[in-house]
Every structure is written in C-alpha cells, then in structure tokens.
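Please read all numbers here as calculations on a predicted model, not as lab measurements.
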Amino acid sequence: MHPTALFGIDGLLSDEEREIRATVRRFCDTELRPHLPEWFDEGHLPARELAQRLGSLGVLGMHLEGYGCAGMGAVSYGLACLELEGADSGLRSLVSVQGSLAMFAIWKHGSEEQKQQWLPAMARGEAIGCFGLTEPDFGSDPAGMRTRARRDGSDWILSGTKMWITNGSIADIAVVWARTDDGIRGFLVPAGTPGFQTRDIDRKLSLRASVTSELVLDEVRLPAEAMLPQARGLSGPLSCLNEARFGIVFGAIGAALDCLEATIDYVGQRQVFDRPLASYQLTQQKLADMALETGKALLLALHLGRLKEAGTITPEQVSVGKLNNVREAIEIARTCRTLLGANGITLEYPVIRHATNLESVLTYEGTSEVHSLVIGRALTGTSAFQ
C-alpha cells in the first residue's frame, strides 16, 4: 500500500489535480531521475536545457494568471512542487525561484511593460530569472541589507553583494532588492549589464544539482524603468518569499515520500537473519511512524492550499506548514537511512541525497528558528526577533 493511501488523499483531489500530479511525476521519472545521481555527484545541472523542458511542461509560473502562465490553482502548483522535490530539491528550487520569486515579483509588483517583456519568455523557460535578496551578512534579517541604489539624474546606480542566489549565474534577469532613500525597492537587472557579475558557489555538499551563485553589483547603472513600481519596503520581497515557502510546504513532502517509497521497497527485499528486514517489528514501527507523519504533513499542505485558493491564507499559516513539513521530512530521510544501513549513504538510493538537500531547505526561505518566532508572535502578540 502506498503511504498516502492510508489517508485517502486521492479522494481529496480533483481530476485535474490528479492529472497534473501524474504528468509531473512522469516527467520526473523519464527526464530527471535517471540523471540525478550523476548531476548530484558532479555538482552540475543542465539548468538552461531543463528550464525549456519545464516551460513546455507548463510548470513555470503555473499559478500565475495571464502572460503565458497556466493560471492553475494553489493545490495543483503544490502537487507539482511535491513531485519535483520528490526527484530532487534542486529541481523544485529551480522552478520555485523562477515562478514564485522572480516571475511573481514581476507579476505582482512590475509595470505592464515589464510583465510583457519578461513573463511570457520566463513561462516558456526561454528566459531564466533569479531573486537577489539575501546578502553575505543578512539572511534572516533582510532589513539590514547593505545593497544600495541611489539616484543619478533619472537613472539608478546599484552597488552591493547578494549571496546564495539560486539560478544566479544562468539568469537572464535578476530581481535585486536594494535600500534607497525611499525605502527598500526592487530592480530588474539584465545579465550583461556593466558592473554586474556573478560567481558560482562551489564545493557544496547540499543542493548539488542546483546553481547557487553570488551576485556582485559595482556601480550598476539602470534606467528609471528598471525599478518595480508597485513594491515599496520589505513587504515587496516578503510577499514573494511567502509564495516560495508555500511551494516548500508541498515540496518537502515529496522528498520524504521518495525516501519512504525507496525504503519500503528495500526492506521488502533485504534479508537479515534469513528473514526480510520488513518482517521485523522495529522496522514496521519506523515505517508506520514515517507514514503517519508524511500523511499528516500532506493533509496540512492540502488544507493550506485550499486556504490559499480561497484567498484567506496568512503568512503565519505558511510558517506552520514550512516549519512542520521540512522538520518532519528531514527526520524521515534520516530514519530511512538507518533502515538502508550502509547502502543508505550511496547514490544508488535517493535517501542520502534528499537528507543533505533538506539541510538546505531547512535553512532557506526562513530558518526553523525564524518560523518558530513567527508562530510565537502570532500566539502571544509579542515579537521575540530582537
């Protein structure tokens, strides 16, 4: 029995949602999974080629309306994230940064000209975007950012450094957030702009099948129309982060399910003391606990998805989903590793790859500590951030 069958998950989905899930899973099975051990081992991802395939699949910005985007519901988008992260967190990150950070920033905060220029090509995967908010010294505290934009006639001059930027070195357009005399504003910085350079971050032991970069802006001159006109203050980038966190709520479950499915198959074949490992009580206890937490996490994700579709979801509720589901997913990956024994540390099985990837997912888009404080503030009415 599949772990989600214990919870009757399919009965909670529409025919369209089930078809989208199946379509993305087929894509992952045929186009991604055969190559993932090699990509992870080599620290390489053919991201530009994959972006166009993902664009043809229709998952880039799939939850946005118009401009060549599919306009799908939140649950459909979440299920796509679940299947993509079931393949690898790096693939879900590619789609999430493209659609929920870069594209969403332009879609929500951009001018009509900016939307027309970038969104259709980004939806097709012909143009890739990145999202420059995090800095070397400011991750959880984006209000402290040092990147600045100053006026020079009608132009803007940007200087600063952004760090840990997914898709950074392959992006055609970077959404960069900077401090101005008028508060924090967003800017569209095309690749190749004089003074704008990128450098890949190598020697990673997590998210190896993902492009992670540093962005350096040295007196980058941009025209006035490069600024996102509808974003002012931290609410601009935080609205984008909330979109991306929602995808993680579903995506983390995909990683957990992939670990659990591989482990159930393994313990059914592995012989220990002349019996299948699956026949031992301690094994079944671990499997039952993991299936229980996976199902609960998926039910939470589906509930949050329905709230998002109804337009009533709050940032605190997204924090609940991100905190719980990533925390449970990484624990499931670690427990699955114990059942696979020494085999669990090899790339022959997906478990150690998911476990190391989830270490990054635990940190980005808000650490567990930050989401705990968001929930604590909602419960008490008192902020403990400072």
Discussion item. L292 vs F7, test: side-chain contact (heavy atoms from CB on, under 4.5 Å). Steps then yes/no.
Written reply: CA-CA 9 Å; L292 184 65; F7 295 83; 4.2 Å; yes
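- The hydrophobic clustering, which links ILVMFWY residues whose side-chain heavy atoms are closer than 4.5 Å, places Y77 and L60 together.
- One distance of note links CE of M72 with CE of M62; it measures 5.5 Å at 0.5 Å rounding.
- Looking at D182 and R151, no side-chain N of the basic residue comes within less than 4.0 Å of a carboxylate O on the acidic one, giving no salt bridge.
- L347 CG to D41 CG: the interatomic distance, rounded to the nearest 0.5 Å, is 5.5 Å.
- Looking at D200, its side chain never comes within 3.5 Å of a backbone N or O of D202 through a donor-acceptor pair.
- Residues S360 and S206 bring a donor and an acceptor atom of their side chains to less than 3.5 Å of each other.
- When side chains are defined from C-beta on, I332 counts as touching T294, because their heavy atoms get closer than 4.5 Å.
- Of the possible polar contacts, one joining the Q98 side chain to the A127 backbone as a donor-acceptor pair under 3.5 Å is found.
- The number of heavy atoms from other shown groups lying within 6.0 Å of CH2 (W164) does not exceed 12.
- Using a distance-only test at 3.5 Å, with no hydrogens or angles considered, a donor-acceptor pair links the side chain of Q284 to the main chain of A278.
- Under a 4.0 Å N-O distance rule, the pair E16/R21 does not qualify as a salt bridge.
- Between K162 and E214, no side-chain nitrogen of the basic residue sits less than 4.0 Å from a carboxylate oxygen of the acidic one, so the salt-bridge criterion is not met.
- Taking a 6.0 Å sphere around CD of Q271, one finds it holds more than 12 heavy atoms contributed by other residues, nucleotides or ligands.
- Within a 6.0 Å sphere centred on CZ of R179, other residues, nucleotides and ligands contribute more than 12 heavy atoms.
- Note on E17 versus R306: salt bridge recorded, some NZ/NE/NH1/NH2 to OD/OE distance being below 4.0 Å.
- Note on V267 and F273: same hydrophobic cluster, where clusters join Ile, Leu, Val, Met, Phe, Trp and Tyr whose side-chain heavy atoms are under 4.5 Å apart, directly or indirectly.
- Note on residues 355-386: no pairs pass ring pair (Phe, Tyr, Trp, His ring centres under 6.0 Å), not counting sequence neighbours.
- Looking at F196 and P190, their side chains never come closer than 4.5 Å, going by heavy atoms from C-beta outward.
- Hydrophobic cluster membership is shared by L379 and I313, with clusters built from Ile, Leu, Val, Met, Phe, Trp and Tyr side chains linked at under 4.5 angstrom.
- Listed for the E135 side chain is a donor-acceptor partner under 3.5 Å among the backbone atoms of R146.
- Ring orientation note: the planes of Y349 and Y266 are nearly perpendicular, at an angle over 60° on the 30°/60° scale.
- Both F187 and V220 are assigned to one and the same hydrophobic cluster, defined by single-linkage of ILVMFWY side chains at heavy-atom distances under 4.5 Å.
- Within the 4.5 Å cutoff, side-chain heavy atoms of L299 are placed close to those of L12.
- Here the CZ atom belonging to R33 is positioned 11.5 Å from the CZ atom belonging to F27, to the nearest 0.5 angstrom.
- The side-chain tip of R275 points at the ring of Y280 from less than 6.0 angstrom away and within 45° of straight on.
- Across every non-hydrogen atom of V59 and A80, the tightest pair is CG1-CB, 4.4 Å.
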Practice prompt. Apply the test side-chain contact (heavy atoms from CB on, under 4.5 Å) to residues D88 and R92: give CA-CA distance (whole Å), side-chain angles for both, the deciding distance (0.1 Å), then the verdict.
Written response: CA-CA 7 Å; D88 192 86; R92 198 267 310 143; over 6 Å; no
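- The only member of L260, L298, I9 that meets side chain to side chain contact (heavy atoms under 4.5 Å, CB included) when paired with P3 is L260.
- A donor-acceptor pair is defined here as one N or O able to donate and one able to accept, closer than 3.5 Å; such a pair exists between the side chain of Q317 and the backbone of T314.
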Item to complete: Show your reasoning for whether side-chain contact (heavy atoms from CB on, under 4.5 Å) applies to K108 and C240.
Response: CA-CA 9 Å; K108 183 174 179 62; C240 304; over 6 Å; no
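- Listed here is the closest heavy atom pair of E243 and S100: CB-O, 3.6 Å.
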Item to complete: Take R25 and E19 through the test salt bridge (Lys or Arg N to Asp or Glu O under 4.0 Å) and record every step on the way to the result.
Response: CA-CA 10 Å; R25 170 163 279 219; E19 179 57 32; over 6 Å; no
Worksheet item: Given the rule in the salt bridge (Lys or Arg N to Asp or Glu O under 4.0 Å) test, do E83 and R26 qualify, once you have shown the distances and angles that lead to the verdict?
Response: CA-CA 9 Å; E83 294 298 339; R26 283 194 298 270; over 6 Å; no
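- In this structure, the side chain of N242 does not engage the main chain of L238 through any donor-acceptor pair within 3.5 Å.
- Considering OH of Y67 and NZ of K115, their distance stands at 4.5 Å, rounded to 0.5 Å.
- A 4.5 Å side-chain heavy-atom check between N325 and I248 finds every atom pair outside the cut-off.
- Here the side chains of L101 and V175 are not in contact, with every heavy-atom distance at 4.5 Å or above.
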Practice prompt. Output, in order, the C-alpha distance, side-chain angles, deciding distance and verdict of side-chain contact (heavy atoms from CB on, under 4.5 Å) for L57 and T23.
Written response: CA-CA 8 Å; L57 190 66; T23 299; 3.8 Å; yes
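- Cluster annotation: M145 is connected to L188 through the hydrophobic network of ILVMFWY side chains, with a link wherever side-chain heavy atoms come within less than 4.5 Å.
- Aromatic ring orientation, W177 versus H109: perpendicular (interplanar angle above 60°, classes split at 30° and 60°).
- C130 and I165 make their closest contact through CB-CG2, 3.8 Å (heavy atoms, listed as atom of the first residue, atom of the second, distance).
- Around NE2 of H303, the count of heavy atoms belonging to other residues, nucleotides or ligands within 6.0 Å does not exceed 12.
- Residue A191 comes nearest to A171 through the heavy atom pair CB-O, 3.3 Å, listed as atom of the first residue, atom of the second, then distance.
- Judged purely by distance below 3.5 Å, without hydrogens or angles, the side chains of Q285 and Q281 never pair a donor atom with an acceptor atom.
- R334 and E359 are joined by a salt bridge, as a carboxylate oxygen and a charged side-chain nitrogen come within less than 4.0 angstrom of each other.
- Between K204 and L207 the shortest heavy-atom distance is NZ-O, 2.8 Å.
- Side-chain contact between N167 and L94 is present, with at least one heavy-atom pair separated by less than 4.5 Å.
- Remark: the backbone N or O of D10 is paired with a side-chain donor or acceptor of R18 at under 3.5 angstrom.
- Taking Ile, Leu, Val, Met, Phe, Trp and Tyr as members and joining any whose side-chain heavy atoms lie under 4.5 Å apart, directly or through other members, the hydrophobic cluster of V211 also contains I128, I170.
- To the nearest 0.5 Å, atom NZ of residue K286 and atom OG1 of residue T338 are 3.0 Å apart.
- For the pair L13/L302, a side-chain contact is recorded, criterion being any heavy-atom separation below 4.5 Å from C-beta on.
- In terms of modelled atom types and a separation under 3.5 Å, the side chain of K322 and the main chain of G366 share a donor-acceptor contact.
- With hydrogens and angles ignored, the 3.5 Å screen pairs a side-chain donor or acceptor of R337 with a backbone N or O of G341.
- Distance CG/D152 to CD1/I157: 5.0 Å, rounded to 0.5 Å.
- Taking both residues in full, the closest heavy atoms of G160 and T147 are given as CA-OG1, 3.5 Å, listed atom of the first, atom of the second, then distance.
- The backbone N or O of V75 lies less than 3.5 Å from a partner atom in the side chain of E309, making a donor-acceptor pair.
- Between E126 and P120 there is no side-chain heavy-atom pair separated by less than 4.5 Å.
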